[in-house]
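Just so you know, these numbers use all the heavy atoms, side chains as well, and skip hydrogens, waters and symmetry mates.
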Amino acid sequence: MKTDYTNRATTAEIRTRFDNDVERFSNLDTGQLTTIDAPLTMDLCTSAAQYINPAATELLDIGCGAGNYTLKMLSKTANLNCTLNDLSLPMLERAKERVMAQTTGTVATIQADMRQLELPNSHFDIILASAVFHHLRDDADWELVFSKMYKSLKPGGSIWISDLIAHDSPAITQLFKDHYGAYLETLGGVEYREKVFDYIAYEDTPRSVNYQVDLLLKVGFKNIEILHKNSCFAAFGGVK
């Protein structure tokens, strides 16, 4: 049965929320607070990219926010040419400012919905996608974007995804909702837990790791690796 997404946040609503939250997302201690193991998954994704593509020169950061993942990547592979994409112009402007201070390479920005990106073929060595794909809605959206990512990578290039995920089993879904809820309560009590759950229910449509791995393989990726999973969050990727 086809899922009804009419009661979900619009792209404009999501953009507005991030437009108004640049300062928080410019700070690793606050911007990733609701993400379990955020520092670990950032380190693993960028390390995987470094090890798979040690001679990289071209980086694409999808849904870059304030640029934290690109900055982490630059700390391991210096002076990359960086292409930054985000829906929010204020986020992009902050990311560009921060990234330009850390690379002698070029820094380009693309303000666009990731579904509407027009990217050069076989251009990037590394793609980073943190906390962005969970905004995709139906299967067509997911396959469109994953195909775009594959086509834009050079042969041997890699994509590394860190994101909120769903689960295929209803019982396991409940297990990890309870687990995540308990984590959120340690941050701000029951009220905070419900606030986070409410905006996830309104804005986000994550898919399982199984779904995304199958899709990566379908569009052509190989050497799929699961770097980390804890509760409702996972880091994984593959090579073209």
Side-chain angles (χ1 to χ4, degrees), residues 25-86 95-96 98-108 114 119 122-134 145-146 149-150 152-165 183 206 208-210 212-213 215-217 219-240:
F25 282 99
S26 299
N27 183 329
L28 280 180
D29 293 331
T30 58
Q32 303 296 323
L33 196 62
T34 60
T35 301
I36 297 175
D37 291 340
L40 174 60
T41 55
M42 178 185 290
D43 183 59
L44 288 172
C45 285
T46 50
S47 291
Q50 177 194 21
Y51 275 66
I52 294 290
N53 304 109
T57 59
E58 299 289 339
L59 168 69
L60 171 63
D61 190 344
I62 297 289
C64 66
N68 293 330
Y69 263 66
T70 291
L71 292 171
K72 188 70 170 181
M73 191 71 244
L74 287 168
S75 75
K76 299 177 181 183
T77 303
N79 299 321
L80 292 164
N81 297 320
C82 302
T83 300
L84 309 173
N85 159 251
D86 204 86
K96 183 177 182 180
R98 297 172 79 205
V99 170
M100 285 183 69
Q102 299 299 324
T103 184
T104 60
T106 61
V107 181
M114 58 187 150
L119 300 168
S122 302
H123 180 76
F124 299 105
D125 299 288
I126 297 166
I127 296 176
L128 301 175
S130 171
V132 63
F133 290 156
H134 66 258
V145 171
F146 275 44
M149 300 302 102
Y150 181 80
S152 70
L153 280 170
K154 298 174 185 176
S158 61
I159 184 170
W160 302 99
I161 300 163
S162 175
D163 215 341
L164 174 73
I165 57 163
Y183 168 77
S208 69
V209 172
N210 291 332
Q212 294 182 67
V213 166
L215 188 53
L216 287 169
L217 291 168
V219 302
F221 285 98
K222 58 186 179 181
N223 299 339
I224 307 300
E225 296 289 349
I226 310 298
L227 303 178
H228 184 67
K229 181 186 180 300
N230 188 352
S231 187
C232 302
F233 297 90
F236 53 96
V239 179
K240 180 172 179 177

Is it true that a side-chain atom of N81 and a backbone atom of G105 form a donor plus acceptor pair closer than 3.5 Å? no

Quick check against the 3.5 Å criterion: does S47 have a side-chain atom that pairs as donor or acceptor with the backbone of L44? no

Work out which heavy atom in [X] is nearest to a heavy atom in [Y]; give both atom names and the distance.
{"X": "N53", "Y": "G157", "result": "ND2-CA, 3.7 Å"}
{"X": "A95", "Y": "C64", "result": "CB-SG, 4.0 Å"}
{"X": "T77", "Y": "A56", "result": "CG2-O, 4.1 Å"}
{"X": "V132", "Y": "I62", "result": "CG1-O, 3.7 Å"}

Between [atom1] of [X] and [atom2] of [Y], what distance do you get to the nearest 0.5 Å?
{"X": "M114", "Y": "L119", "atom1": "CE", "atom2": "CG", "value": "12.5 Å"}
{"X": "S152", "Y": "L60", "atom1": "OG", "atom2": "CG", "value": "6.0 Å"}
{"X": "L71", "Y": "T103", "atom1": "CG", "atom2": "OG1", "value": "10.0 Å"}
{"X": "L153", "Y": "S122", "atom1": "CG", "atom2": "OG", "value": "8.5 Å"}
{"X": "F236", "Y": "I224", "atom1": "CZ", "atom2": "CD1", "value": "9.0 Å"}
{"X": "N223", "Y": "K240", "atom1": "CG", "atom2": "NZ", "value": "14.5 Å"}

Between the side chains of N79 and T104, does any donor sit under 3.5 Å from an acceptor? yes

Compare all side-chain heavy atoms of [X] with those of [Y] and state whether any distance is below 4.5 angstrom.
{"X": "C82", "Y": "L74", "answer": "yes"}
{"X": "F133", "Y": "I161", "answer": "yes"}
{"X": "R98", "Y": "N68", "answer": "yes"}
{"X": "I165", "Y": "S208", "answer": "no"}
{"X": "I126", "Y": "Q50", "answer": "no"}
{"X": "C45", "Y": "L227", "answer": "yes"}
{"X": "T70", "Y": "V107", "answer": "no"}

L215 meets the side-chain contact (heavy atoms from CB on, under 4.5 Å) criterion, sequence neighbours left out, with W142, E143, F146, Y211, K218, V219

What residues form a side-chain contact (heavy atoms from CB on, under 4.5 Å) with N230, not counting sequence neighbours? I36, D37, H179, H228

Sequence neighbours excluded, the answer for ring pair (Phe, Tyr, Trp, His ring centres under 6.0 Å) partners of F124 is none

Output all residues satisfying ring pair (Phe, Tyr, Trp, His ring centres under 6.0 Å) with F221, sequence neighbours left out; order by chain, then residue number. Y150

Using the test salt bridge (charged side-chain N to carboxylate O under 4.0 Å, His left out), find all partners of D125 that sit at least two apart in sequence or belong to another chain. K154

Identify the residue among T41, T34, L164 that makes a side-chain contact (heavy atoms from CB on, under 4.5 Å) with F233. L164

Does anything in residues 41-69 form a salt bridge (Lys or Arg N to Asp or Glu O under 4.0 Å)? List the pairs, not counting sequence neighbours. D43-K76

